[in-house]
K.L.:
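If you scroll down you'll find the structure; I have some questions about it.
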Number of protein chains: 2
Amino acid sequence: MDETAQNSRTKAGRRTDIRRENERLILQAAEKVFAEAGFGGATMQLIADMAGLPKANLHYYFATKEDLYRRVVENIFQIWLRAADSFDSAPDPASGIGAYIEAKMRISREHPFGSKVWASEVMHGAPVIQDYLEGTLRAWTEGRIAAIRRWIDQGLMAPIDPRHLMYMIWATTQHYADFGHQIETLNAGKPLSDRQWKAATAEVKAIILRGIGALPDVLAPPRRRTARQTGR
Amino acid sequence: MDETAQNSRTKAGRRTDIRRENERLILQAAEKVFAEAGFGGATMQLIADMAGLPKANLHYYFATKEDLYRRVVENIFQIWLRAADSFDSAPDPASGIGAYIEAKMRISREHPFGSKVWASEVMHGAPVIQDYLEGTLRAWTEGRIAAIRRWIDQGLMAPIDPRHLMYMIWATTQHYADFGHQIETLNAGKPLSDRQWKAATAEVKAIILRGIGALPDVLAPPRRRTARQTGR
DNA sequence: GCACAACCTGACCAGCCGGTCAACAAGTTT
DNA sequence: AAACTTGTTGACCGGCTGGTCAGGTTGTGC
(Lines give C-alpha, C1' and ligand atoms only; values in the text may rest on other atoms or scores of the structure.)
Protein backbone atom coordinates (compact mmCIF):
# COMPACT_ATOMS: atom_id res chain seq x y z
CA MET A 1 0.00 0.00 0.00
CA ASP A 2 2.92 2.36 0.36
CA GLU A 3 6.47 3.08 -0.66
CA THR A 4 7.78 -0.35 0.16
CA ALA A 5 5.41 -1.80 -2.37
CA GLN A 6 7.75 -1.47 -5.31
CA ASN A 7 10.53 -3.50 -3.79
CA SER A 8 8.97 -5.96 -1.48
CA ARG A 9 6.00 -6.65 -3.71
CA THR A 10 8.17 -8.35 -6.23
CA LYS A 11 8.78 -10.81 -3.49
CA ALA A 12 5.23 -10.87 -2.23
CA GLY A 13 4.27 -11.80 -5.73
CA ARG A 14 1.89 -10.63 -8.35
CA ARG A 15 -0.18 -13.66 -7.56
CA THR A 16 -1.04 -12.42 -4.12
CA ASP A 17 -2.08 -9.08 -5.55
CA ILE A 18 -4.37 -10.68 -8.08
CA ARG A 19 -6.03 -12.77 -5.44
CA ARG A 20 -6.43 -9.89 -3.05
CA GLU A 21 -7.78 -7.57 -5.70
CA ASN A 22 -10.27 -10.07 -7.07
CA GLU A 23 -11.51 -11.04 -3.64
CA ARG A 24 -11.98 -7.37 -2.89
CA LEU A 25 -13.94 -6.85 -6.11
CA ILE A 26 -16.15 -9.86 -5.44
CA LEU A 27 -16.78 -9.00 -1.80
CA GLN A 28 -17.69 -5.45 -2.70
CA ALA A 29 -20.11 -6.57 -5.39
CA ALA A 30 -21.52 -9.28 -3.14
CA GLU A 31 -22.13 -6.84 -0.31
CA LYS A 32 -24.22 -4.67 -2.56
CA VAL A 33 -26.17 -7.47 -4.19
CA PHE A 34 -26.88 -9.28 -0.92
CA ALA A 35 -28.02 -5.99 0.60
CA GLU A 36 -30.34 -5.16 -2.26
CA ALA A 37 -31.77 -8.59 -2.94
CA GLY A 38 -31.31 -10.58 0.26
CA PHE A 39 -29.51 -13.90 0.40
CA GLY A 40 -32.27 -15.77 -1.38
CA GLY A 41 -32.84 -13.12 -4.00
CA ALA A 42 -29.18 -12.61 -4.80
CA THR A 43 -27.66 -14.67 -7.58
CA MET A 44 -24.05 -15.52 -8.22
CA GLN A 45 -24.54 -14.38 -11.80
CA LEU A 46 -25.59 -10.91 -10.65
CA ILE A 47 -22.64 -10.62 -8.31
CA ALA A 48 -20.33 -11.78 -11.07
CA ASP A 49 -21.70 -9.22 -13.51
CA MET A 50 -21.33 -6.45 -10.96
CA ALA A 51 -17.77 -7.50 -10.20
CA GLY A 52 -16.99 -7.76 -13.90
CA LEU A 53 -15.94 -11.40 -13.70
CA PRO A 54 -17.29 -14.65 -15.10
CA LYS A 55 -19.47 -16.56 -12.70
CA ALA A 56 -17.13 -19.54 -12.65
CA ASN A 57 -14.40 -17.26 -11.40
CA LEU A 58 -16.40 -16.47 -8.30
CA HIS A 59 -16.50 -20.12 -7.43
CA TYR A 60 -12.76 -20.24 -7.79
CA TYR A 61 -12.34 -17.77 -4.95
CA PHE A 62 -15.38 -18.65 -2.89
CA ALA A 63 -16.49 -22.24 -2.94
CA THR A 64 -20.18 -21.60 -2.33
CA LYS A 65 -22.66 -18.75 -2.20
CA GLU A 66 -22.87 -19.22 1.52
CA ASP A 67 -19.11 -18.89 1.99
CA LEU A 68 -19.16 -15.61 0.14
CA TYR A 69 -22.13 -14.42 2.16
CA ARG A 70 -20.50 -15.33 5.43
CA ARG A 71 -17.45 -13.26 4.60
CA VAL A 72 -19.61 -10.24 3.88
CA VAL A 73 -21.42 -10.56 7.20
CA GLU A 74 -18.20 -11.03 9.14
CA ASN A 75 -16.75 -7.89 7.58
CA ILE A 76 -19.39 -5.51 8.84
CA PHE A 77 -19.33 -7.17 12.23
CA GLN A 78 -15.61 -6.52 12.57
CA ILE A 79 -16.08 -2.90 11.56
CA TRP A 80 -18.70 -2.43 14.25
CA LEU A 81 -16.56 -4.03 16.90
CA ARG A 82 -13.71 -1.68 16.12
CA ALA A 83 -16.08 1.28 16.53
CA ALA A 84 -16.30 0.58 20.22
CA ASP A 85 -12.73 1.44 20.99
CA SER A 86 -13.75 4.99 21.76
CA PHE A 87 -16.26 3.65 24.21
CA ASP A 88 -13.82 2.05 26.57
CA SER A 89 -11.20 4.68 27.03
CA ALA A 90 -13.71 7.42 27.88
CA PRO A 91 -13.95 8.74 31.42
CA ASP A 92 -17.63 9.64 31.33
CA PRO A 93 -20.80 8.67 29.43
CA ALA A 94 -21.13 11.93 27.54
CA SER A 95 -17.83 11.44 25.78
CA GLY A 96 -17.84 7.63 25.67
CA ILE A 97 -21.38 7.03 24.49
CA GLY A 98 -21.28 10.19 22.42
CA ALA A 99 -18.22 8.99 20.55
CA TYR A 100 -19.76 5.58 20.06
CA ILE A 101 -22.91 7.08 18.55
CA GLU A 102 -20.80 9.22 16.26
CA ALA A 103 -18.77 6.22 15.13
CA LYS A 104 -21.88 4.16 14.51
CA MET A 105 -23.49 6.97 12.52
CA ARG A 106 -20.38 7.32 10.42
CA ILE A 107 -20.38 3.61 9.69
CA SER A 108 -24.06 3.74 8.75
CA ARG A 109 -23.18 6.28 6.13
CA GLU A 110 -20.03 4.60 4.87
CA HIS A 111 -21.18 1.00 4.97
CA PRO A 112 -24.93 1.00 4.39
CA PHE A 113 -24.82 -2.26 2.44
CA GLY A 114 -22.99 -4.16 5.13
CA SER A 115 -25.45 -2.92 7.70
CA LYS A 116 -28.36 -4.16 5.62
CA VAL A 117 -26.82 -7.55 5.10
CA TRP A 118 -26.33 -7.89 8.84
CA ALA A 119 -29.89 -6.80 9.53
CA SER A 120 -31.20 -9.28 7.02
CA GLU A 121 -29.11 -12.05 8.50
CA VAL A 122 -30.31 -11.40 12.03
CA MET A 123 -33.92 -11.00 10.94
CA HIS A 124 -33.82 -14.40 9.33
CA GLY A 125 -32.67 -15.95 12.59
CA ALA A 126 -28.91 -15.61 12.07
CA PRO A 127 -28.55 -18.96 10.29
CA VAL A 128 -24.87 -18.46 9.53
CA ILE A 129 -23.55 -16.18 12.28
CA GLN A 130 -25.33 -17.52 15.32
CA ASP A 131 -21.95 -18.45 16.76
CA TYR A 132 -20.85 -14.80 16.61
CA LEU A 133 -23.97 -13.70 18.44
CA GLU A 134 -23.45 -16.21 21.21
CA GLY A 135 -19.71 -15.69 21.40
CA THR A 136 -18.15 -12.40 20.48
CA LEU A 137 -21.24 -10.23 20.58
CA ARG A 138 -22.45 -11.53 23.91
CA ALA A 139 -19.08 -11.03 25.54
CA TRP A 140 -18.64 -7.60 23.99
CA THR A 141 -22.07 -6.52 25.18
CA GLU A 142 -21.46 -7.68 28.72
CA GLY A 143 -18.27 -5.63 28.81
CA ARG A 144 -20.04 -2.50 27.66
CA ILE A 145 -22.84 -3.06 30.14
CA ALA A 146 -20.32 -3.25 32.93
CA ALA A 147 -18.80 0.05 31.84
CA ILE A 148 -22.19 1.73 31.82
CA ARG A 149 -23.01 0.31 35.24
CA ARG A 150 -19.82 1.86 36.54
CA TRP A 151 -20.85 5.26 35.24
CA ILE A 152 -24.24 4.87 36.85
CA ASP A 153 -22.66 3.96 40.17
CA GLN A 154 -20.48 7.05 39.92
CA GLY A 155 -23.59 9.18 39.51
CA LEU A 156 -22.59 10.28 36.03
CA MET A 157 -25.86 9.21 34.46
CA ALA A 158 -29.37 8.11 35.27
CA PRO A 159 -29.92 4.54 36.49
CA ILE A 160 -31.25 3.12 33.25
CA ASP A 161 -30.96 -0.48 32.07
CA PRO A 162 -27.75 -0.52 29.99
CA ARG A 163 -29.11 -3.26 27.78
CA HIS A 164 -31.98 -1.19 26.45
CA LEU A 165 -29.68 1.76 25.98
CA MET A 166 -27.43 -0.37 23.79
CA TYR A 167 -30.42 -1.56 21.79
CA MET A 168 -31.59 1.99 21.28
CA ILE A 169 -28.18 3.09 20.05
CA TRP A 170 -27.88 0.14 17.69
CA ALA A 171 -31.43 0.53 16.43
CA THR A 172 -31.27 4.26 15.85
CA THR A 173 -27.86 4.49 14.24
CA GLN A 174 -28.38 1.47 12.01
CA HIS A 175 -31.80 2.76 11.03
CA TYR A 176 -30.10 5.47 9.01
CA ALA A 177 -28.46 2.75 6.94
CA ASP A 178 -31.09 0.00 6.90
CA PHE A 179 -34.03 2.34 6.31
CA GLY A 180 -32.04 4.80 4.28
CA HIS A 181 -34.42 4.44 1.40
CA GLN A 182 -37.40 5.37 3.55
CA ILE A 183 -35.55 8.33 5.02
CA GLU A 184 -34.56 9.44 1.55
CA THR A 185 -38.16 9.23 0.38
CA LEU A 186 -39.26 11.35 3.34
CA ASN A 187 -36.46 13.79 2.49
CA ALA A 188 -38.02 14.81 -0.82
CA GLY A 189 -36.44 11.83 -2.51
CA LYS A 190 -32.91 13.07 -1.93
CA PRO A 191 -30.17 11.38 0.12
CA LEU A 192 -29.18 13.20 3.28
CA SER A 193 -26.57 15.86 2.59
CA ASP A 194 -23.38 16.27 4.58
CA ARG A 195 -25.09 18.89 6.67
CA GLN A 196 -28.11 16.68 7.26
CA TRP A 197 -25.97 13.77 8.38
CA LYS A 198 -24.21 16.05 10.80
CA ALA A 199 -27.53 17.32 12.10
CA ALA A 200 -28.89 13.79 12.41
CA THR A 201 -25.85 12.71 14.40
CA ALA A 202 -26.15 15.71 16.68
CA GLU A 203 -29.86 15.11 17.27
CA VAL A 204 -29.41 11.44 18.04
CA LYS A 205 -26.58 12.22 20.43
CA ALA A 206 -28.48 15.01 22.10
CA ILE A 207 -31.69 13.07 22.65
CA ILE A 208 -29.99 9.95 23.93
CA LEU A 209 -27.44 11.68 26.14
CA ARG A 210 -30.10 13.92 27.60
CA GLY A 211 -32.35 10.88 27.88
CA ILE A 212 -29.87 9.08 30.10
CA GLY A 213 -29.07 12.16 32.11
CA ALA A 214 -25.55 12.43 30.82
CA LEU A 215 -25.74 15.95 29.46
CA PRO A 216 -24.69 18.77 31.77
CA ASP A 217 -27.71 20.77 30.60
CA VAL A 218 -25.82 22.44 27.82
CA LEU A 219 -28.67 21.90 25.42
CA ALA A 220 -31.29 23.85 27.21
CA PRO A 221 -34.45 22.53 28.78
CA PRO A 222 -37.70 23.79 27.22
CA ARG A 223 -38.52 27.48 27.30
CA ARG A 224 -35.04 28.77 26.97
CA ARG A 225 -34.89 32.21 25.43
CA THR A 226 -31.35 33.33 25.85
CA ALA A 227 -30.44 30.54 23.57
CA ARG A 228 -28.65 30.23 20.35
CA GLN A 229 -30.08 28.81 17.18
CA THR A 230 -32.35 25.89 17.75
CA GLY A 231 -30.39 23.49 15.61
CA ARG A 232 -31.98 24.05 12.27
CA MET B 1 -67.50 -22.43 14.00
CA ASP B 2 -70.10 -20.75 16.15
CA GLU B 3 -73.80 -20.64 16.84
CA THR B 4 -74.74 -17.83 14.51
CA ALA B 5 -73.16 -19.59 11.60
CA GLN B 6 -76.09 -21.91 11.16
CA ASN B 7 -78.72 -19.24 10.80
CA SER B 8 -77.42 -15.96 9.51
CA ARG B 9 -74.45 -17.32 7.66
CA THR B 10 -76.73 -19.11 5.24
CA LYS B 11 -77.40 -15.70 3.82
CA ALA B 12 -73.82 -14.46 3.94
CA GLY B 13 -72.91 -17.64 2.20
CA ARG B 14 -70.65 -20.49 3.00
CA ARG B 15 -68.60 -19.45 0.01
CA THR B 16 -67.63 -16.15 1.58
CA ASP B 17 -66.55 -17.94 4.71
CA ILE B 18 -64.39 -20.38 2.83
CA ARG B 19 -62.70 -17.62 0.91
CA ARG B 20 -62.12 -15.48 3.96
CA GLU B 21 -60.80 -18.35 6.01
CA ASN B 22 -58.44 -19.59 3.32
CA GLU B 23 -57.11 -16.13 2.59
CA ARG B 24 -56.50 -15.69 6.29
CA LEU B 25 -54.64 -18.98 6.48
CA ILE B 26 -52.52 -18.16 3.47
CA LEU B 27 -51.72 -14.62 4.58
CA GLN B 28 -50.72 -15.83 8.01
CA ALA B 29 -48.41 -18.48 6.60
CA ALA B 30 -47.03 -16.08 4.01
CA GLU B 31 -46.22 -13.46 6.64
CA LYS B 32 -44.15 -15.94 8.57
CA VAL B 33 -42.36 -17.41 5.56
CA PHE B 34 -41.60 -14.04 3.99
CA ALA B 35 -40.29 -12.80 7.32
CA GLU B 36 -38.04 -15.80 7.85
CA ALA B 37 -36.75 -16.26 4.33
CA GLY B 38 -37.17 -12.92 2.60
CA PHE B 39 -39.09 -12.46 -0.61
CA GLY B 40 -36.47 -14.17 -2.72
CA GLY B 41 -35.89 -17.00 -0.30
CA ALA B 42 -39.56 -17.73 0.27
CA THR B 43 -41.25 -20.29 -1.94
CA MET B 44 -44.89 -20.74 -2.69
CA GLN B 45 -44.51 -24.41 -1.84
CA LEU B 46 -43.29 -23.57 1.66
CA ILE B 47 -46.15 -21.17 2.23
CA ALA B 48 -48.59 -23.75 0.95
CA ASP B 49 -47.25 -26.42 3.27
CA MET B 50 -47.42 -24.10 6.24
CA ALA B 51 -50.98 -23.15 5.39
CA GLY B 52 -51.88 -26.80 4.86
CA LEU B 53 -53.06 -26.29 1.30
CA PRO B 54 -51.84 -27.47 -2.09
CA LYS B 55 -49.66 -24.98 -3.88
CA ALA B 56 -52.08 -24.64 -6.78
CA ASN B 57 -54.71 -23.49 -4.33
CA LEU B 58 -52.59 -20.50 -3.35
CA HIS B 59 -52.59 -19.35 -6.93
CA TYR B 60 -56.35 -19.58 -6.96
CA TYR B 61 -56.59 -16.93 -4.23
CA PHE B 62 -53.49 -14.91 -5.07
CA ALA B 63 -52.50 -14.70 -8.69
CA THR B 64 -48.78 -14.27 -8.13
CA LYS B 65 -46.21 -14.46 -5.37
CA GLU B 66 -45.87 -10.70 -5.59
CA ASP B 67 -49.60 -10.14 -5.06
CA LEU B 68 -49.49 -12.24 -1.93
CA TYR B 69 -46.41 -10.41 -0.72
CA ARG B 70 -47.95 -7.03 -1.33
CA ARG B 71 -50.97 -7.91 0.78
CA VAL B 72 -48.72 -8.93 3.67
CA VAL B 73 -46.81 -5.65 3.52
CA GLU B 74 -49.98 -3.58 3.32
CA ASN B 75 -51.36 -5.34 6.38
CA ILE B 76 -48.58 -4.33 8.74
CA PHE B 77 -48.56 -0.83 7.33
CA GLN B 78 -52.25 -0.40 8.14
CA ILE B 79 -51.68 -1.69 11.66
CA TRP B 80 -48.96 0.87 12.22
CA LEU B 81 -51.05 3.70 10.90
CA ARG B 82 -53.84 2.84 13.28
CA ALA B 83 -51.36 2.96 16.17
CA ALA B 84 -51.01 6.70 15.73
CA ASP B 85 -54.53 7.50 16.77
CA SER B 86 -53.35 7.99 20.32
CA PHE B 87 -50.79 10.44 19.08
CA ASP B 88 -53.22 13.01 17.73
CA SER B 89 -55.72 13.35 20.49
CA ALA B 90 -53.09 13.91 23.16
CA PRO B 91 -52.66 17.36 24.73
CA ASP B 92 -48.96 17.08 25.49
CA PRO B 93 -45.91 15.14 24.26
CA ALA B 94 -45.51 13.02 27.36
CA SER B 95 -48.89 11.40 26.88
CA GLY B 96 -49.03 11.56 23.07
CA ILE B 97 -45.57 10.30 22.25
CA GLY B 98 -45.62 8.03 25.28
CA ALA B 99 -48.79 6.34 24.07
CA TYR B 100 -47.40 6.06 20.57
CA ILE B 101 -44.26 4.33 21.83
CA GLU B 102 -46.37 1.97 23.89
CA ALA B 103 -48.54 1.12 20.90
CA LYS B 104 -45.53 0.53 18.68
CA MET B 105 -43.89 -1.69 21.28
CA ARG B 106 -47.07 -3.71 21.61
CA ILE B 107 -47.22 -4.18 17.85
CA SER B 108 -43.59 -5.25 17.77
CA ARG B 109 -44.46 -8.01 20.15
CA GLU B 110 -47.72 -9.05 18.51
CA HIS B 111 -46.68 -8.73 14.87
CA PRO B 112 -42.97 -9.44 14.68
CA PHE B 113 -43.27 -11.14 11.31
CA GLY B 114 -45.06 -8.26 9.68
CA SER B 115 -42.46 -5.86 11.01
CA LYS B 116 -39.68 -7.95 9.53
CA VAL B 117 -41.36 -8.15 6.16
CA TRP B 118 -41.71 -4.39 6.12
CA ALA B 119 -38.10 -3.90 7.11
CA SER B 120 -36.97 -6.27 4.41
CA GLU B 121 -39.10 -4.51 1.84
CA VAL B 122 -37.74 -1.07 2.69
CA MET B 123 -34.16 -2.31 2.90
CA HIS B 124 -34.44 -3.67 -0.62
CA GLY B 125 -35.54 -0.28 -1.89
CA ALA B 126 -39.29 -0.69 -1.45
CA PRO B 127 -39.82 -2.21 -4.90
CA VAL B 128 -43.50 -2.89 -4.34
CA ILE B 129 -44.65 -0.27 -1.83
CA GLN B 130 -42.81 2.82 -2.99
CA ASP B 131 -46.18 4.44 -3.70
CA TYR B 132 -47.15 4.05 -0.03
CA LEU B 133 -43.94 5.69 1.09
CA GLU B 134 -44.43 8.66 -1.20
CA GLY B 135 -48.13 8.94 -0.53
CA THR B 136 -49.63 7.82 2.74
CA LEU B 137 -46.45 7.65 4.80
CA ARG B 138 -45.15 11.03 3.70
CA ALA B 139 -48.45 12.74 4.43
CA TRP B 140 -48.82 10.95 7.74
CA THR B 141 -45.32 11.95 8.78
CA GLU B 142 -45.84 15.60 7.90
CA GLY B 143 -48.95 15.64 10.06
CA ARG B 144 -47.12 14.20 13.03
CA ILE B 145 -44.24 16.61 12.55
CA ALA B 146 -46.65 19.51 12.65
CA ALA B 147 -48.10 18.23 15.90
CA ILE B 148 -44.65 17.98 17.45
CA ARG B 149 -43.77 21.48 16.26
CA ARG B 150 -46.86 22.75 17.99
CA TRP B 151 -45.75 21.16 21.26
CA ILE B 152 -42.33 22.69 20.85
CA ASP B 153 -43.82 26.14 20.24
CA GLN B 154 -45.91 25.73 23.36
CA GLY B 155 -42.74 25.06 25.33
CA LEU B 156 -43.83 21.55 26.23
CA MET B 157 -40.66 19.94 24.95
CA ALA B 158 -37.14 20.72 23.76
CA PRO B 159 -36.67 22.16 20.28
CA ILE B 160 -35.51 18.98 18.61
CA ASP B 161 -35.96 18.10 14.96
CA PRO B 162 -39.24 16.13 14.88
CA ARG B 163 -38.06 14.06 11.95
CA HIS B 164 -35.18 12.49 13.82
CA LEU B 165 -37.40 11.90 16.81
CA MET B 166 -39.80 9.94 14.62
CA TYR B 167 -36.93 7.93 13.17
CA MET B 168 -35.66 7.13 16.64
CA ILE B 169 -39.06 5.94 17.77
CA TRP B 170 -39.55 3.80 14.69
CA ALA B 171 -36.05 2.40 14.86
CA THR B 172 -36.09 1.56 18.52
CA THR B 173 -39.56 0.06 18.77
CA GLN B 174 -39.23 -1.96 15.58
CA HIS B 175 -35.80 -3.15 16.68
CA TYR B 176 -37.48 -5.32 19.30
CA ALA B 177 -39.28 -7.13 16.49
CA ASP B 178 -36.75 -7.06 13.67
CA PHE B 179 -33.76 -7.92 15.85
CA GLY B 180 -35.76 -10.05 18.23
CA HIS B 181 -33.49 -12.97 17.56
CA GLN B 182 -30.40 -11.01 18.54
CA ILE B 183 -32.08 -9.68 21.66
CA GLU B 184 -33.16 -13.19 22.55
CA THR B 185 -29.61 -14.46 22.14
CA LEU B 186 -28.34 -11.71 24.42
CA ASN B 187 -31.07 -12.63 26.88
CA ALA B 188 -29.57 -16.06 27.60
CA GLY B 189 -31.35 -17.49 24.57
CA LYS B 190 -34.81 -16.87 25.97
CA PRO B 191 -37.53 -14.61 24.55
CA LEU B 192 -38.34 -11.56 26.62
CA SER B 193 -40.88 -12.35 29.32
CA ASP B 194 -43.98 -10.28 29.99
CA ARG B 195 -42.10 -8.44 32.68
CA GLN B 196 -39.13 -7.80 30.43
CA TRP B 197 -41.33 -6.40 27.68
CA LYS B 198 -42.91 -4.10 30.18
CA ALA B 199 -39.52 -3.00 31.41
CA ALA B 200 -38.26 -2.47 27.86
CA THR B 201 -41.27 -0.31 27.05
CA ALA B 202 -40.77 1.74 30.19
CA GLU B 203 -37.06 2.24 29.50
CA VAL B 204 -37.61 3.30 25.92
CA LYS B 205 -40.33 5.71 26.96
CA ALA B 206 -38.27 7.13 29.78
CA ILE B 207 -35.12 7.71 27.77
CA ILE B 208 -36.89 9.25 24.81
CA LEU B 209 -39.28 11.42 26.78
CA ARG B 210 -36.50 12.63 29.00
CA GLY B 211 -34.35 13.05 25.93
CA ILE B 212 -36.80 15.47 24.37
CA GLY B 213 -37.43 17.29 27.62
CA ALA B 214 -41.01 16.11 27.90
CA LEU B 215 -40.76 14.49 31.30
CA PRO B 216 -41.77 16.57 34.32
CA ASP B 217 -38.67 15.39 36.12
CA VAL B 218 -40.31 12.48 37.82
CA LEU B 219 -37.34 10.30 37.09
CA ALA B 220 -34.80 12.62 38.54
CA PRO B 221 -31.60 13.45 36.70
CA PRO B 222 -28.46 12.72 38.65
CA ARG B 223 -27.02 15.29 40.97
CA ARG B 224 -30.13 17.39 41.08
CA ARG B 225 -30.29 19.71 44.03
CA THR B 226 -33.21 22.06 43.53
CA ALA B 227 -36.69 20.69 43.61
CA ARG B 228 -39.32 21.37 41.05
CA GLN B 229 -39.31 21.97 37.38
CA THR B 230 -39.46 25.52 36.17
CA GLY B 231 -42.78 27.29 35.93
CA ARG B 232 -43.64 25.73 32.64
C1' DG C 1 13.08 -22.46 -20.92
C1' DC C 2 11.01 -25.98 -18.52
C1' DA C 3 8.08 -27.76 -14.86
C1' DC C 4 4.61 -26.61 -11.93
C1' DA C 5 1.14 -24.10 -9.62
C1' DA C 6 -2.21 -20.55 -9.69
C1' DC C 7 -5.68 -18.51 -12.28
C1' DC C 8 -9.46 -18.30 -15.80
C1' DT C 9 -13.79 -19.56 -18.19
C1' DG C 10 -17.37 -21.49 -21.67
C1' DA C 11 -20.25 -25.11 -21.57
C1' DC C 12 -22.89 -27.96 -19.09
C1' DC C 13 -26.07 -30.23 -15.49
C1' DA C 14 -29.51 -31.67 -12.11
C1' DG C 15 -32.86 -29.60 -9.34
C1' DC C 16 -36.05 -26.36 -7.99
C1' DC C 17 -38.86 -22.32 -8.93
C1' DG C 18 -43.34 -19.68 -10.10
C1' DG C 19 -47.02 -20.35 -12.65
C1' DT C 20 -50.57 -22.96 -15.75
C1' DC C 21 -54.22 -26.00 -16.82
C1' DA C 22 -57.64 -29.44 -17.42
C1' DA C 23 -60.56 -32.13 -14.94
C1' DC C 24 -63.17 -32.58 -11.05
C1' DA C 25 -65.82 -31.56 -6.45
C1' DA C 26 -68.78 -28.70 -3.80
C1' DG C 27 -72.17 -25.16 -3.12
C1' DT C 28 -75.91 -22.08 -4.90
C1' DT C 29 -79.64 -20.59 -7.64
C1' DT C 30 -83.59 -21.33 -10.25
C1' DA D 1 -82.38 -31.71 -10.48
C1' DA D 2 -80.35 -29.11 -13.90
C1' DA D 3 -77.45 -25.18 -14.86
C1' DC D 4 -73.96 -22.53 -13.18
C1' DT D 5 -70.49 -20.49 -10.18
C1' DT D 6 -66.85 -21.17 -6.99
C1' DG D 7 -63.36 -23.95 -4.95
C1' DT D 8 -59.71 -27.92 -5.40
C1' DT D 9 -55.79 -30.31 -7.12
C1' DG D 10 -52.14 -33.44 -9.46
C1' DA D 11 -49.43 -33.15 -13.20
C1' DC D 12 -46.81 -30.54 -15.96
C1' DC D 13 -43.53 -26.83 -18.09
C1' DG D 14 -40.04 -23.40 -19.36
C1' DG D 15 -36.62 -20.90 -17.16
C1' DC D 16 -33.28 -19.96 -13.94
C1' DT D 17 -30.19 -21.42 -10.08
C1' DG D 18 -25.87 -22.90 -7.66
C1' DG D 19 -22.36 -25.54 -8.72
C1' DT D 20 -18.99 -28.53 -11.71
C1' DC D 21 -15.35 -29.44 -14.80
C1' DA D 22 -12.19 -30.00 -18.51
C1' DG D 23 -9.08 -27.55 -20.91
C1' DG D 24 -6.78 -23.44 -21.47
C1' DT D 25 -3.76 -19.24 -20.07
C1' DT D 26 -0.62 -16.75 -17.14
C1' DG D 27 2.82 -16.16 -13.68
C1' DT D 28 6.79 -18.25 -10.66
C1' DG D 29 10.73 -20.95 -9.17
C1' DC D 30 14.64 -23.16 -10.58
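Note that these values count all heavy atoms, side chains included, but never hydrogens, waters or copies made by symmetry. Chain naming here is simple, since letters A, B, ... match the order of the sequence lines and numbering starts at 1 in each.
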K.L.:
Side chain of R19(A), heavy atoms from C-beta onward: which of dG19(D), dC7(C), dT9(D) has the nearest atom to it?
P.N.:
dC7(C)
K.L.:
Below the 4.0 Å mark, does dG10(C) have OP1 or OP2 next to a side-chain nitrogen or oxygen of N57(A)?
P.N.:
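The answer is no; no side-chain N or O of N57(A) sits under 4.0 Å from OP1 or OP2.
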K.L.:
Atom CD1 of I18(A) and atom P of dG27(D): how far apart are they, to the nearest Å?
P.N.:
6 Å
K.L.:
Between A63(B) and P54(A), just flag the one whose closest nucleotide in DNA chain C comes earlier from the 5' side.
P.N.:
P54(A)
K.L.:
To the nearest Å, how far apart are K55(B) NZ and dG19(C) P?
P.N.:
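After rounding, the gap between these two atoms is 9 Å.
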K.L.:
Write down the distance between CG (L58(A)) and P (dC7(C)), rounded to a whole number of angstrom.
P.N.:
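My rounded result for the distance is 14 Å.
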K.L.:
Under a 3.5 Å distance rule, please check whether T136(A) uses its side chain to pair with a backbone N or O of L133(A) as donor and acceptor.
P.N.:
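A pair under 3.5 Å: no.
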K.L.:
Round to a whole Å and report the spacing from NE2 of H59(A) to C1' of dA6(C).
P.N.:
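Answer to the nearest Å: 19 Å.
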K.L.:
Quick one, which residues of residues 39-49 of chain B touch DNA chain D with a heavy atom under 4.0 Å?
P.N.:
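Heavy-atom contacts with DNA chain D come from no residue of residues 39-49 of chain B; none.
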K.L.:
Roughly, in whole Å, what's the span from CZ in F62(A) to P in dC8(C)?
P.N.:
13 Å
K.L.:
Regarding dG19(D), can its base be found pairing with the side chain of K65(A) as donor and acceptor, where the two atoms are less than 3.5 Å apart?
P.N.:
no
K.L.:
Scan Q78(A), R70(A), R71(A) and name whichever one has a side chain to side chain donor-acceptor pair (under 3.5 Å) with E74(A).
P.N.:
R70(A)
K.L.:
Which label fits F34(A) and F39(A): parallel for a plane angle under 30°, tilted from 30 to 60°, or perpendicular past 60°?
P.N.:
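F34(A) and F39(A): parallel rings.
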K.L.:
In whole angstroms, how far is the C1' atom of dG7(D) from the CG atom of D17(B)?
P.N.:
14 Å
K.L.:
Rounded to the nearest Å, what distance is computed from the CZ atom of residue R24(B) to the P atom of nucleotide dG7(D)?
P.N.:
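Going from CZ in R24(B) over to P in dG7(D) covers 17 Å.
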K.L.:
According to the interplanar angle, ranging from 0 to 90°, do the rings of W140(B) and Y100(B) count as parallel (below 30°), tilted (30 to 60°) or perpendicular (above 60°)?
P.N.:
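Answer is tilted, since the angle falls between 30° and 60°.
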K.L.:
When you get a sec, tell me which of dG10(D), dG19(D), dC8(C) is the closest nucleotide to the side chain of Y60(A)?
P.N.:
dC8(C)
K.L.:
Would you call the rings of W197(A) and Y176(A) parallel, tilted or perpendicular if under 30° counts as parallel and over 60° as perpendicular?
P.N.:
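Rings of W197(A) and Y176(A): tilted, as their planes differ by 30° to 60°.
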K.L.:
Given 3.5 Å as the limit, does a donor-acceptor pair link the side chain of E184(B) with the main chain of K190(B), or not?
P.N.:
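A pair under 3.5 Å: no.
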K.L.:
Picking from dT20(D), dT8(D), dC8(C), which would you name as closest to the side chain of A56(A)?
P.N.:
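Of the candidates, dT20(D) comes closest.
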K.L.:
Mind calculating the distance between CG (L25(A)) and P (dC7(C)) to the nearest angstrom?
P.N.:
15 Å
K.L.:
Please state whether the rings of Y167(B) and H164(B) are parallel, tilted or perpendicular, taking 30° and 60° as the class boundaries.
P.N.:
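Rings of Y167(B) and H164(B): perpendicular, over 60°.
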